[in-house]
Peer 1: 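Would you mind keeping the following structure in view while I ask a few things?
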Amino acid sequence: MTRRSCGALRAADAETVAELNGWVHRRRDHGGLIFVDLRDRDGLTQIVFDPQHTAFSQAEHLRNEDVLRAVGRVRKRPPGTENPKLATGEVEVEVQELEILNRSQVPPFQINVEENADENLRLEYRYLDLRRTRMQRNLTIRHRIIKAMRDFFDERDFLEIETPLLIKRTPEGARDYLVPSRLYPGSCYALPQSPQMLKQLLMIAGFGRYMQIARCLRDEDQRADRQLEFTQLDVEMSFCTQDEVLDLMESCMRFVWKRVLDVEIPPFARLTFAEAVERYGSDKPDLRFGLELAASSDVFAGSEFLVFKSVIENGGEIVALRYPGGAALSRREFDALTEEAKLLGAKGMVWIALGEDGIKSSAQRFIEQPHADELARRTQAQRGDAILLFADARDAAYAVAGKMRVEVGRRAGLRRDDAYAFCFITDFPYLEIDPETGKPMPAHHPFTSPAPGEWDLIETDPVRMRAQQYDMVLNGYEIGSGSIRIHKPELQRRIFEMLGMTPEQVEAQFGFFVRALDYGAPPHGGMALGVDRIAMVACAEENIREVIAFPKNQVARDVMMDAPSPAPEKALRELHIQQIPSKPKN
RNA sequence: GGCGCUGUAGCUCAGUUGGUUAGAGCGCCGCCCUGUCACGGCGGAGGUCGUGGGUUCGAGCCCCAUCAGCGUCGCCA
């Protein structure tokens with residue numbers, strides 16, 4: 001007798017005796033004959049109860065999700081009763097001995113159907129939700145992705161090195177999770193937002209090639225593709241160029257996709273930040289489809305249309321977007337689309353429908369046939385399409401057009417979940433201006449090296465300076481970013497100074513790090529990929545929680561454990577913490 | 001914090017213009033059934049329509065408030 005999984009038995013196993021352990025997936029009771037589909041991670045096997053065996057009377061009372069140990073003869077199913085939908089469908093097990101290892105209550109939702117239960121309920125009973133095929137599949141794919149990543153880097157002589165979870169708080173960036181210290185009243189550890197400085201220190205330490213499947217934590221509000229606790233494939237290497245990092249990471253992802261999904265990925269597109277914004281209105285363009293944007297202010301030079309006129313006079317831009325098949329929309333539907341654009345930040349939207357019987361437009365009086373022809377030429381729109389126009393300050397117009405491009409792509413069915421469009425975005429601007437304070441902030445992080453030859457701009461025009469920073473993008477998701485780092489201490493100090501930090505502040509916050517640069521830091525750079533997002537796309541899911549075993553919900557609660565939860569007074573006292581009552585709501 | 005969507009049976013949902021006793025599928029319970037695999041047949045139980053208030057002769061449906069979930073903007077060096 002051999003213990004087998006519920007997905008293992010084949011015709012060749014007929015006439016052997018097997019032991020199966022698993023859950024009752026479904027019972028079919030024919031009165032004089034009972035079938036049970038027994039389930040484990042590996043699959044389903046039909047087990048049969050015949051009245052001639054004593055197990056039959058036990059089987060009459062089985063319910064879904066009861067846990068069984070069944071021993072019996074494997075036999076070929078009678079001709080005509082094979083089930084081609086099951087891997088084990090040629091055989092069944094005639095149960096001679098049945099042990100009911102545990103009973104199950106009626107579950108709060110059905111395990112054996114695909115239908116989605118309410119997510120809060122799924123999360124509350126996550127251990128039941130995880131029994132379902134979809135989640136077993138997703139977590140299996142996730143495992144294979146991580147395994148492939150480790151294998152890939154192991155073959156290339158990278159070392160996986162663990163870095164601490166309890167580290168020093170660093171200013172700026174995302175909000176930190178803090179862990180109060182018992183031994184040092186008033187002081188806290190921070191949980192890492194990423195192992196950024198630690199991996200750079202490993203380069204300084206001479207490890208040369210580092211990788212880690214690293215947990216990162218950021219105390220920010222949740223999104224469909226963001227979880228407060230997430231996993232990165234963290235990579236760093238010494239004596240490398242930007243292209244070497246990009247080539248390596250591209251190879252990694254092509255390796256992962258081939259091994260996990262058996263899909264060949266063509267070479268990644270590489271776009272500069274400026275190109276990405278001009279062509280797609282985004283620094284994370286979805287390249288599964290074209291629909292490139294077209295700058296169109298010049299088309300409307302001299303236009304009497306007040307909206308366009310004032311935008312052009314103020315140096316703004318009119319950006320055109322093709323909507324395939326959009327001419328079929330009714331006025332009401334165009335109005336709804338306009339509202340959608342406004343929710344995404346548009347001041348307004350002008351639409352032009354290229355109908356069979358001429359053009360229609362929301363700005364009919366100001367749109368002439370030559371305008372439409374030129375816009376159609378630039379956006380490659382054809383009769384039957386619509387053209388959407390967004391006029392605003394340059395950045396705002398491209399941003400809105402880019403978001404609407406994604407929406408139009410969705411409506412036109414261009415966002416297939418079995419298509420994978422990877423690309424790199426390079427040449428990011430080094431600085432962003434904080435709209436609230438007006439202060440320059442690093443677009444990535446302050447350890448990023450400026451573009452070669454652009455150091456001088458730091459003195460003259462820092463906002464024009466570009467960074468040796470790069471993002472990896474997949475189907476419109478930012479799945480990773482990295483940079484070549486600064487390895488010269490004086491340059492690092494100069495960056496901090498530009499960011500408005502005094503030497504005292506630098507010493508207090510980054511002293512250990514800048515000091516390390518003083519001791520022969522090699523040139524180095526790297527990248528970190530978002531494992532959860534990658535798994536999400538590979539699983540054709542649209543929510544990151546579907547590829548995480550025990551995620552928090554949108555308001556950062558674990559509804560299964562009910563965390564966070566109030567800490568006992570004693571524990572707080574040990575941590576020197578006193579609660580400050582929050583302001584009561586009116 | 002803002003905006004949007006959702007909330008009706010254990011689960012997934014329908015519920016018309018405000019009008020009699022709020023429905024369906026699945027699940028659950030009972031009985032029958034020896035080749036099913038989403039087995040089938042017969043019967044049954046199960047509802048504070050998220051919560052509170054209001055309008056009305058009458059509210060699942062309209063109005064106000066509130067709670068929860070999801071999505072999104074802000075935020076995410």
Side-chain angles (χ1 to χ4, degrees), chain A residues 25-38 44-52 56 60-61 63-65 75 77-86 88-89 92 94 105-125 128-129 170-176 193-194 196-197 216-228 230 339-340 342-345 399-400 403 407 428 430-432 434-436 439-448 467 469 478 481 483 495-496 499 509-510 530 542-543 545 553-555 557 559 585-586:
Chain A
H25 188 66
R26 186 172 271 123
R27 184 173 68 114
R28 291 177 295 279
D29 187 342
H30 287 240
L33 191 66
I34 298 170
F35 300 98
V36 168
D37 289 336
L38 199 64
L44 293 178
T45 301
Q46 173 166 288
I47 61 178
V48 189
F49 295 88
D50 193 282
Q52 71 188 62
F56 183 84
E60 285 183 304
H61 303 108
R63 292 193 303 190
N64 286 347
E65 302 310 313
R75 67 185 185 204
R77 294 196 191 187
T81 66
E82 300 89 350
N83 184 352
K85 284 187 275 184
L86 291 183
T88 61
E92 61 193 7
E94 175 191 357
Q105 300 275 342
V106 175
F109 51 84
Q110 288 170 256
I111 314 296
N112 56 14
V113 296
E114 290 289 316
E115 191 173 59
N116 231 348
D118 175 76
E119 200 189 5
N120 225 32
L121 198 66
R122 290 175 61 203
L123 291 178
E124 185 179 345
Y125 296 92
L128 296 181
D129 187 43
T170 52
E172 299 182 273
R175 209 172 287 116
D176 283 306
Q193 296 179 26
S194 83
Q196 181 59 38
M197 278 185 282
C216 307
L217 299 104
R218 295 177 190 176
D219 186 3
E220 297 291 347
D221 288 349
Q222 309 299 293
R223 287 290 183 278
D225 63 350
R226 269 177 13 202
Q227 181 78 186
L228 51 102
F230 63 103
E339 285 310 306
E340 219 165 311
K342 284 181 179 169
L343 286 173
L344 294 172
V400 165
K403 288 175 185 165
E407 170 61 15
F428 280 80
Y430 197 95
L431 294 173
E432 283 169 357
D434 186 325
E436 282 174 25
K439 248 180 67 176
M441 297 180 7
H444 190 42
H445 55 58
F447 315 112
T448 299
Q469 183 211 329
E478 183 195 315
S481 67
S483 63
I495 290 287
F496 284 136
L499 297 174
Q509 291 164 5
F510 299 108
E542 290 186 342
N543 194 295
R545 295 186 293 272
N553 72 4
Q554 215 211 10
V555 281
R557 292 202 67 81
V559 291
K585 289 188 205 172
N586 310 328

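To find a chain, count down the sequence lines: A is the first, B the second, and so on, and within it residues start at 1. The basis for the numbers below is simple: all heavy atoms, side chains too, and nothing from hydrogens, waters or symmetry mates.
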Peer 1: Name all residues meeting the ring pair (Phe, Tyr, Trp, His ring centres under 6.0 Å) criterion together with F428(A); count only those two or more places apart in sequence or in a different chain, and write none if there are none.
Peer 2: F273(A)

Peer 1: Identify the pairs formed between an N or O of the protein and an N or O of nucleotides 29-32 of chain B at a distance under 3.5 Å, and give each distance.
Peer 2:
none

Peer 1: How would you label the contact of R545(A) with the nucleic acid (heavy atoms, under 4.0 Å): base, sugar-phosphate, or nothing?
Peer 2: sugar-phosphate

Peer 1: Over all strands shown, is P108(A) touching base, sugar-phosphate only, or nothing at heavy-atom distances under 4.0 angstrom?
Peer 2: sugar-phosphate

Peer 1: Can you name the salt bridge (Lys or Arg N to Asp or Glu O under 4.0 Å) partners of E432(A), sequence neighbours left out?
Peer 2: none

Peer 1: Do the side chain of R27(A) and the main chain of I34(A) share a donor and acceptor less than 3.5 angstrom apart?
Peer 2: no

Peer 1: Has N553(A) got a side-chain N or O lying under 4.0 Å from the OP1 or OP2 atom of G69(B)?
Peer 2: yes

Peer 1: Looking at residues at least two apart in the chain, or sitting in another chain, which of them share a side-chain hydrogen bond (donor to acceptor under 3.5 Å, both in side chains) with E340(A)?
Peer 2: R411(A)

Peer 1: Ignoring backbone atoms, test whether R122(A) places a side-chain nitrogen or oxygen under 4.0 Å from the OP1 or OP2 oxygen of C11(B).
Peer 2: no

Peer 1: Enumerate all atom pairs, one protein N or O and one N or O from nucleotides 24-26 of chain B, separated by less than 3.5 Å.
Peer 2:
unit_1: C26(B); atom_1: O2'; unit_2: Q110(A); atom_2: OE1; d: 2.9
unit_1: C26(B); atom_1: O2'; unit_2: Q110(A); atom_2: NE2; d: 2.8
unit_1: C26(B); atom_1: O2; unit_2: Q110(A); atom_2: OE1; d: 3.4

Peer 1: Who pairs with E94(A) by side-chain hydrogen bond (donor to acceptor under 3.5 Å, both in side chains), at least two apart in sequence or on another chain?
Peer 2: H53(A), R73(A), R75(A)

Peer 1: Answer with base, sugar-phosphate or nothing: what part of the nucleic acid does V48(A) contact at a heavy-atom distance below 4.0 Å?
Peer 2: nothing

Peer 1: Can you sort out the partners of D225(A) under side-chain hydrogen bond (donor to acceptor under 3.5 Å, both in side chains), two or more places apart, ordered by chain and number?
Peer 2: none

Peer 1: Quick one: is Q554(A) getting a side-chain N or O under 4.0 Å of the G71(B) phosphate, OP1 or OP2?
Peer 2: yes

Peer 1: Can you check whether F109(A) stacks with the C11(B) base, using ring centres under 5.5 Å and planes within 30°?
Peer 2: no

Peer 1: Taking only residues two or more places apart in sequence or in another chain, which ones pass ring pair (Phe, Tyr, Trp, His ring centres under 6.0 Å) with F510(A)?
Peer 2: F447(A), F496(A)

Peer 1: Considering every strand and a 4.0 Å limit on heavy-atom distances, what is the contact class for N83(A): base, sugar-phosphate, or nothing?
Peer 2: base

Peer 1: Could you work out, with salt bridge (Lys or Arg N to Asp or Glu O under 4.0 Å) as the rule, every residue matching R557(A), not counting sequence neighbours?
Peer 2: D562(A)

Peer 1: Whole Å only: how far is the CG atom of D221(A) from the C1' atom of C70(B)?
Peer 2: 14 Å

Peer 1: Give R223(A) one of three labels, base, sugar-phosphate or nothing, depending on what nucleic acid heavy atoms sit under 4.0 Å from its own.
Peer 2: base

Peer 1: Can you list the residues that meet the side-chain hydrogen bond (donor to acceptor under 3.5 Å, both in side chains) rule with E119(A), with sequence neighbours excluded?
Peer 2: R545(A)

Peer 1: Would you tell me if any nitrogen or oxygen in the side chain of R28(A) comes within less than 4.0 Å of OP1 or OP2 on C39(B)?
Peer 2: yes

Peer 1: Can you build the contact string for nucleotides 3-8 of chain B? Use B for base contact, S for sugar-phosphate-only contact, and - for no protein heavy atom under 4.0 Å.
Peer 2: S-----

Peer 1: Tell me what E432(A) touches on the nucleic acid: a base, only sugar-phosphate, or nothing, going by heavy atoms under 4.0 Å.
Peer 2: nothing

Peer 1: Heavy atoms under 4.0 Å, any strand shown: does Q469(A) hit a base, just sugar-phosphate, or nothing?
Peer 2: nothing

Peer 1: With sequence neighbours left out, write down each residue that passes salt bridge (Lys or Arg N to Asp or Glu O under 4.0 Å) with E82(A), or none if nothing qualifies.
Peer 2: none

